[in-house]
2 protein chains.
Amino acid sequence: MGTTSRASVGRTLVYRHDCPSRTVIEVLASKWALYVLAALRERDRPMRFNELRRVLEGITQKMLTQTLRALERDGLITRTVYPTVPPRVEYGLTTLGSEAGRLTSAIAEWSMEHAQEILKARGEFDDSITEDPRPITRSGDPV
Amino acid sequence: MGTTSRASVGRTLVYRHDCPSRTVIEVLASKWALYVLAALRERDRPMRFNELRRVLEGITQKMLTQTLRALERDGLITRTVYPTVPPRVEYGLTTLGSEAGRLTSAIAEWSMEHAQEILKARGEFDDSITEDPRPITRSGDPV
DNA sequence: CAGCATCCAAATAGATACTG
DNA sequence: CAGTATCTATTTGGATGCTG
């Protein structure tokens, strides 16, 4: 991979509505999937359902279940059931999931590093639209 | 950054529901934002509204508007209005947006490369649950 | 061309109660 | 513990018509 690796996104390929990558992206591009993959990657070991639930603050049981199911369905995580009592279920990354996790973790890290900068831009944007209800042309525009 | 750069995701940081990075991630982790950033990065030049609309198959005018607004708000893209007639508006990447685009493009590329593999896993998963309506414990499970 | 406004359908998320 | 089921609230998305 070099400086022109983006070439593989390829003109008019990922953008096509019938490109299979879209359905993959829709799974990855969901915040909870991103966090699940990041958490499993960070811990670097399988995690149990409620452990994930505790780590991922704010996720509901329903969303966690759905997210885990979607990731398992796509072969990104494994689900291992230990028929003990009480039952024990562990979720771990597959090779594929580990790769995907590397990408989503990169986004998580980048977001943390630039959060302040972005929130600042956001605040300024919100201020500017309240004092100027977004006309088609704003002051200071070119030609 | 090295092989352990994931350490910066940092135990219990991005996962906190009050972590500012979450709001950033929610913008990036939306499929249309991902495609917009990827398209602008691929073309490597500002693009007009309808040009983006044509490239991103399936997006509606409303979704494109909302996505562009969100990205502009976060300082990831610029919006330049040329008060000509008919009006002309160009969207370009900021430095921040270009960085973010590198990460989202990586996801798009990876998804394309592994789409077949993932769709195969997906098909097998779907087959297995129809013949076995997902009991708590499935055959072949460990002790 | 580049949008905004509105209405409506559908998908998503949350809360709650219950089970092997 | 690790879910499923159900009901509801909110969000999201699409279609359509209009404007500077």
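Order of the sequence lines sets the chain letters (A, B, ...), proteins ahead of strands, with each chain counted from 1. Only a predicted model underlies this, so the values are computations on that prediction, with no experimental measurement involved.
Closest-nucleotide positions on DNA chain D for A:Thr65 and A:Pro86 were compared, and the one nearer the 5' end corresponds to A:Pro86.
Using a 4.0 Å heavy-atom criterion, one finds that B:Arg53 contacts no nucleic acid atom at all.
A donor-acceptor contact closer than 3.5 angstrom links the side chains of B:Tyr15 and A:Glu42.
Taking atom CZ on A:Phe49 and atom P on C:dG20, their separation rounds to 18 Å, with Å as the unit. One interatomic measurement links the two molecules: CZ of B:Arg54 to P of C:dA2, which rounds to 8 Å at whole-angstrom precision. Residue B:Leu64 contributes atom CG, which lies 11 Å from atom P of C:dC4 at whole-angstrom precision. C:dA2 atom P lies 9 Å from atom CD of B:Glu51, rounded to whole Å. In this structure, the OH atom of A:Tyr82 is 18 Å from the C1' atom of D:dG3, given to the nearest Å. Between the P atom of C:dC4 and the CG atom of B:Leu68 lies a distance of 10 Å, rounded to the nearest Å. Here the C1' atom of nucleotide D:dC1 and the OH atom of A:Tyr91 are 11 Å apart, to the nearest Å.
Set against C:dA2, D:dC1, C:dG3, the side chain of A:Arg48 has D:dC1 as its closest nucleotide. Checking C:dA2, D:dG3, C:dG20 against the side-chain heavy atoms of A:Pro87 singles out C:dG20 as nearest.
The stretch residues 93-115 of chain A participates, sequence neighbours left out, in these ring pair (Phe, Tyr, Trp, His ring centres under 6.0 Å) pairs: A:Trp110-A:His114. Identified under the salt bridge (Lys or Arg N to Asp or Glu O under 4.0 Å) test for residues 84-93 of chain A, with sequence neighbours left out: A:Arg88-A:Glu90. Residue pairs that meet the salt bridge (Lys or Arg N to Asp or Glu O under 4.0 Å) test with at least one member in residues 17-39 of chain B, sequence neighbours left out, are A:Glu26-B:Lys31, A:Lys31-B:Glu26, B:Arg16-B:Asp18.
Considering only residues two or more places apart in sequence or on other chains, B:Thr94 meets the side-chain hydrogen bond (donor to acceptor under 3.5 Å, both in side chains) condition with none of them. Residues forming a side chain to side chain contact (heavy atoms under 4.5 Å, CB included) with A:Arg73 (at least two apart in sequence, or on another chain): B:Arg122, B:Phe125, B:Asp126. Every side chain to side chain contact (heavy atoms under 4.5 Å, CB included) that A:Glu124 has, sequence neighbours left out, goes to A:Lys120. With sequence neighbours excluded, the residues satisfying side chain to side chain contact (heavy atoms under 4.5 Å, CB included) with A:Gln116 are B:Pro20.
At the phosphate of D:dG3, OP1 or OP2 sits under 4.0 Å from a side-chain N or O atom of A:Arg79. Considering only side-chain N and O atoms, A:Arg69 lies under 4.0 angstrom from the phosphate OP1 or OP2 of D:dT4.
When the C1' atoms of four end pairs are superposed on the next four at each end of the helix from C:dC1-D:dG20 to C:dG20-D:dC1, using five pairs per end, the two resulting axes differ in direction by 60°, to 10°.
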Table of protein N/O atoms under 3.5 Å from nucleotides 11-15 of chain C N/O atoms:
residue, atom, partner, partner atom, Å
C:dA13, N7, A:Lys62, NZ, 3.2
C:dG14, N7, A:Lys62, NZ, 3.3
C:dG14, O6, A:Lys62, NZ, 2.5

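Closest of all the heavy-atom pairs between B:Asp74 and B:Leu96 is O-CD2, 4.3 Å.
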